[in-house]
Student: 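One structure coming up, written as structure tokens, with questions to follow.
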Amino acid sequence: MSRRRFQSGNMVLEAALWIPVMLLLIVGMIQFGRITYTYYALKKAVYAAARYVATQESVNFCPDSGDTAIQSAIQFAITGTPDGSGAASIANLTPDMFQVTTQCLDPTGVLTACDTSGCGAAAGARRPDFIVVSIPAGYPVQPRIPFITLDPIQLRPSVTVPFGGAT
């Protein structure tokens, strides 16, 4: 009988050692899923902004132009409406986090940043081949795991779509 009592004590001891490890793994998987979901939601928002800009006509791609089509695209990505009247679909996502740039194919077929020195309505302004929308500084996501403090993870989604509009 005493041997059986000793074996059940081992089960309790093993359970006491493994339960925290299993809980940590489960919480870690949940946090990984949350971060992955947030990344894909950001990727979808960035893609929505890129497609919105890529289908517009007469977009001014000059740096700091404040073009209304670009601003509407960013508001559409954040709220789902071009005028920004809807609620934000991702908490703490702001228009200043987005960056909209253009890329052009050079004669050898390599993608490079478009020359925007003669941009806008200037004669000879080149139509971009691709629109790139990104969140270059990153969107911070704080993993929450009990008893472990981690630094925020910066999610930096970027999307490149072909430009179909006209300049």
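By convention here, the first residue in the shown sequence is residue 1. Note that these values count all heavy atoms, side chains included, but never hydrogens, waters or copies made by symmetry.
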Student: I need the Leu155 CG to Thr38 OG1 distance, nearest 0.5 Å.
Tutor: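 Nearest 0.5 Å value for the CG-OG1 distance: 7.0 Å.
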Student: Shortest non-hydrogen contact from Ala45 to Ala77?
Tutor: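 Smallest heavy-atom distance, with atoms named: O-CB, 3.0 Å.
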Student: Taking the side chain as every heavy atom from C-beta outward, state whether Val53 and Phe61 have any pair of such atoms under 4.5 Å apart.
Tutor: yes
Student: Looking only at heavy atoms, which two atoms of Ser85 and Thr79 are closest? And how far apart?
Tutor: N-OG1, 4.4 Å
Student: Taking the six-membered ring for Trp, is the centroid-to-centroid distance between Tyr40 and Tyr47 below 6.0 Å?
Tutor: no
Student: Does the side chain of Leu105 reach to within under 4.5 Å of the side chain of Val110, using non-hydrogen atoms?
Tutor: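 Result no, sub-4.5 Å side-chain heavy-atom pair not found.
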Student: Provide the closest heavy-atom pair for Pro152 versus Pro143 in the form atom of the first, atom of the second, distance.
Tutor: CA-CD, 4.4 Å
Student: Look at atom CZ of Arg34 and say whether more than 12 heavy atoms of other residues, nucleotides or ligands are closer to it than 6.0 Å.
Tutor: yes
Student: If you define the side chain from C-beta out and look only at heavy atoms, does anything of Ile78 sit under 4.5 Å from Phe98?
Tutor: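 Yes. Closest side-chain heavy atoms under 4.5 Å.
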Student: Run Thr160 and Ile131 through side chain to side chain contact (heavy atoms under 4.5 Å, CB included) and show every step you take.
Tutor: CA-CA 6 Å; Thr160 302; Ile131 304 296; over 6 Å; no
Student: Quick check, are the ring centers of Phe76 and Tyr52 under 6.0 angstrom apart?
Tutor: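 Here the rings of Tyr52 and Phe76 have centres that are less than 6.0 Å from each other.
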Student: Please determine whether the number of non-hydrogen atoms from other residues, nucleotides or ligands lying under 6.0 Å from atom CG of Asp151 exceeds 12.
Tutor: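 Atom CG in Asp151 is not crowded, with 12 or fewer foreign heavy atoms closer than 6.0 Å.
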Student: Keeping the roles fixed (side chain from Asp67, backbone from Val59), state whether a donor-acceptor pair exists under 3.5 Å.
Tutor: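 Not a single qualifying donor-acceptor pair exists.
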Student: Does some side-chain heavy atom of Leu111 sit less than 4.5 Å from a side-chain heavy atom of Asp106?
Tutor: no
Student: Tell me, yes or no, whether the heavy-atom count around Phe130 atom CZ, taken from other residues, nucleotides or ligands under 6.0 Å, exceeds 12.
Tutor: yes
Student: Should Tyr139 and Met97 count as side-chain neighbours, where that means a heavy-atom distance under 4.5 Å?
Tutor: yes
Student: Looking only at heavy atoms, what is the nearest atom pair of Val159 and Ala50, with distance?
Tutor: CG1-CB, 4.3 Å
Student: Kindly check if the number of other-residue, nucleotide or ligand heavy atoms within 6.0 Å of NZ (Lys43) is above 12?
Tutor: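 For Lys43, atom NZ is crowded (more than 12 foreign heavy atoms under 6.0 Å).
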